[in-house]
Each structure stands twice: as structure tokens, then as C-alpha cells.
Amino acid sequence: MTDMSNTKPHIIQIVGYKNTGKTTLIASLIGHFSSMGLKVAAIKHDGHDHFEMDQEGTDSYQFGEAGASAVVVMSENRTAIMERKASRLEDMLSHLSGYDWIVIEGFKDASYPKFVMVREENNLTLVGQLEGVLGIISWLSSEQCMEPSIVRRDITWYSVHKTEEIAKALLEMVGSKQD
């Protein structure tokens, strides 16, 4: 089993099939960690390459449409970098090395510690297919999730409705103490 790293940034992946609540859970975890004064970065995988961060009509959109390979938008409090190139997950993690936590949505095949979101019993097959699964976060009861022989006994079940417990469990896994 993959252990959580004691060195920062701590990395956790949230994976699962479409519409299993990954984004909602990640937003909640970010909220819990941020409220404790921790610096959190989020990485989202778009397997379909559909995303557009830029809005039509903005200057930055116009620069991209004109052919810029990279567009950077900076303000007093924010920086956004949009590059027209593929990036490796490892390169992005390196870029974000100054953060306390990096929460990754997706990238199922990466070998970082992960929680699998399970909305329906047939989602459980994913658990057996992945490396580094620490836990299942589910709408189903622990009995429904842990019954199938597919799920190893060292995997912990969490209710999707108890995000504060999930955040506390993650902090305990890395030895962080909540004040």
C-alpha cells in the first residue's frame, strides 16, 4: 500500500468515474485545509481536452487566438498561466512544491495515494484496478462497499457526507495535528 509522504507537499488523489462527486469533495477538502492556514494547490485532469480557462472577449483570449503559445495573466493577488502544450503531472507537482497539500482530481493511473469515489456498487471494480488506494469515499454503506471480495481489508471506508472526517484522516496520515 502507498503511504502518505511526511514531506511537503502532501499529495492525495481523488479518483472515480464521472459524476461521483470528486469536484465537490475536493472543494470541501480545500476549504478544510485552507481554514487551518495550509497552502493548498489543486490539479484537475481533463481527459477530453475540453477545458477553456479563458473567456471569449478578454485580452488574454485574444492573445491566445492570435497564436501565443503561452498567456500569463497577473494581478495583485493571482497569476494564471495558460500554455498550449502538454505538461507531465510530475512537472506540475514540481512547480507546486511550495504548497502544503496538492489535491489531484483524476490521473487514475498515477501512483500517488488515492481515495476512490464510489456512488454505485459497480464503481467498486475501479478500486481493484488502481495502485495506492487508501480509502473509498461513498454514498453506499460501509457494508455495501466492503462486502465484495474485490476490496482489500486495508482500505478504509468513508462516508461522502463526512468530509471533515476525511480531512482529519488525511492530516493524521501525514502526522499533522489539528490545533
Side-chain angles (χ1 to χ4, degrees), residues 1-34 38 40-53 85-97 99-176:
M1 176 158 92
T2 306
D3 287 324
M4 296 289 299
S5 166
N6 287 324
T7 57
K8 291 182 182 178
H10 306 299
I11 299 169
I12 185 69
Q13 287 182 260
I14 307 298
V15 301
Y17 294 118
K18 190 174 181 172
N19 297 322
T20 53
K22 298 180 297 291
T23 301
T24 302
L25 174 73
I26 289 171
S28 180
L29 290 175
I30 291 169
H32 285 299
F33 293 156
S34 297
L38 298 170
V40 184
I43 298 175
K44 178 175 175 52
H45 183 248
D46 177 11
H48 306 290
D49 199 25
H50 288 166
F51 75 95
E52 269 304 324
M53 285 183 63
K85 67 171 190 146
S87 295
R88 293 181 27 228
L89 179 58
E90 288 70 26
D91 294 338
M92 196 49 56
L93 293 173
S94 176
H95 178 74
L96 298 170
S97 63
Y99 289 80
D100 296 309
W101 279 90
I102 300 174
V103 184
I104 302 170
E105 180 176 333
F107 293 95
K108 289 183 189 89
D109 295 331
S111 60
Y112 299 100
K114 59 182 62 75
F115 285 149
V116 178
M117 302 290 295
V118 174
R119 185 180 282 273
E120 301 167 2
E121 282 191 47
N122 62 0
N123 296 163
L124 286 166
T125 56
L126 187 59
V127 176
Q129 297 167 3
L130 301 176
E131 261 185 69
V133 177
L134 298 176
I136 294 171
I137 300 173
S138 185
W139 282 256
L140 304 174
S141 70
S142 62
E143 293 76 25
Q144 288 173 290
C145 285
M146 303 314 280
E147 178 60 35
S149 57
I150 207 164
V151 177
R152 295 190 325 265
R153 294 291 155 220
D154 59 346
I155 293 177
T156 307
W157 170 87
Y158 300 92
S159 167
V160 73
H161 305 293
K162 307 272 179 145
T163 54
E164 193 167 332
E165 285 179 21
I166 296 164
K168 284 180 182 171
L170 281 167
L171 292 169
E172 287 171 15
M173 287 178 198
V174 299
S176 299

Can you list everything that forms a salt bridge (Lys or Arg N to Asp or Glu O under 4.0 Å) with Asp91? Sequence neighbours excluded, please.
Arg88
Which residues pass the side chain to side chain donor-acceptor pair (under 3.5 Å) test with Asn123, not counting sequence neighbours?
none
Closest non-hydrogen atom pair, Leu140 against Val118
CD1-CG1, 4.0 Å
Can a donor-acceptor pair be found, under 3.5 Å and without considering hydrogens, that links the side chain of Arg119 to the backbone of Asn19?
yes
Heavy atoms only: give me the nearest Ile102-Pro9 pair and the separation to one decimal.
CD1-CG, 3.7 Å
Residues Ile30, Trp101; criterion side chain to side chain contact (heavy atoms under 4.5 Å, CB included); working and verdict
CA-CA 9 Å; Ile30 291 169; Trp101 279 90; over 6 Å; no
Thr156 (side chain) donor-acceptor with Gly135 (main chain) under 3.5 angstrom:
no
Taking NZ, NE, NH1 and NH2 as the nitrogens, is one of them in Lys168 or Glu172 under 4.0 Å from a carboxylate oxygen of the other?
no
Drop me the distance from Leu170's CG to Ile12's CD1, to the nearest 0.5 angstrom.
5.0 Å
Under the ring-ring contact (aromatic ring centres under 6.0 Å, His included) rule, what pairs show up with a residue in residues 12-31, not counting sequence neighbours?
none
At their closest point, which heavy atom of Ile14 faces which heavy atom of Leu29, and how far apart are they?
CD1-CD1, 4.1 Å
Considering non-hydrogen atoms only, spot the tightest contact between Ser111 and Glu131 and give its length.
CB-OE1, 3.4 Å
How far apart are the C-alpha atoms of Ile43 and Leu96, what are their side-chain angles, what is the distance that settles it, and do they pass the side chain to side chain contact (heavy atoms under 4.5 Å, CB included) test?
CA-CA 10 Å; Ile43 298 175; Leu96 298 170; 3.8 Å; yes
With sequence neighbours excluded, what pairs up with Ser28 under the side chain to side chain contact (heavy atoms under 4.5 Å, CB included) test?
His32, Thr163
Side chain to side chain, Ile136 and Leu124, heavy atoms closer than 4.5 Å:
yes
Quick check for you: to the nearest 0.5 Å, what is the distance between Tyr99 atom OH and His10 atom NE2?
15.5 Å
For Ser87, side chain to side chain contact (heavy atoms under 4.5 Å, CB included) partners two or more places apart:
Lys85, Met92
Working to the nearest 0.5 angstrom, can you tell me the gap between Leu89 CG and Ile104 CD1?
4.5 Å
Which residues pass the side chain to side chain donor-acceptor pair (under 3.5 Å) test with Thr23, sequence neighbours left out?
Glu105
Check ring pair (Phe, Tyr, Trp, His ring centres under 6.0 Å) between Tyr158 and all other residues, then give those that pass, not counting sequence neighbours.
Phe115
May I ask you to decide if Asn122's main-chain N or O and Thr125's side chain share a donor-acceptor pair within less than 3.5 Å?
yes
To the nearest 0.5 Å, atom SG of Cys145 lies from atom CD of Glu121 at 7.5 Å
Who passes side chain to side chain contact (heavy atoms under 4.5 Å, CB included) against Ser159, sequence neighbours left out?
Trp157, His161, Lys162
Specify the closest pair of heavy atoms between Gly106 and Val15, including all atoms of both residues, with the distance to one decimal.
O-CG1, 3.5 Å
Results of salt bridge (Lys or Arg N to Asp or Glu O under 4.0 Å) for Lys108 - residues two or more places apart only:
none
Looking at Pro113 and Leu134, what are the two nearest heavy atoms and their distance?
CB-CD1, 3.5 Å
Using only atom types and a distance under 3.5 Å, with no angle test, would you say the side chain of Lys114 pairs donor to acceptor with the backbone of Tyr112?
yes
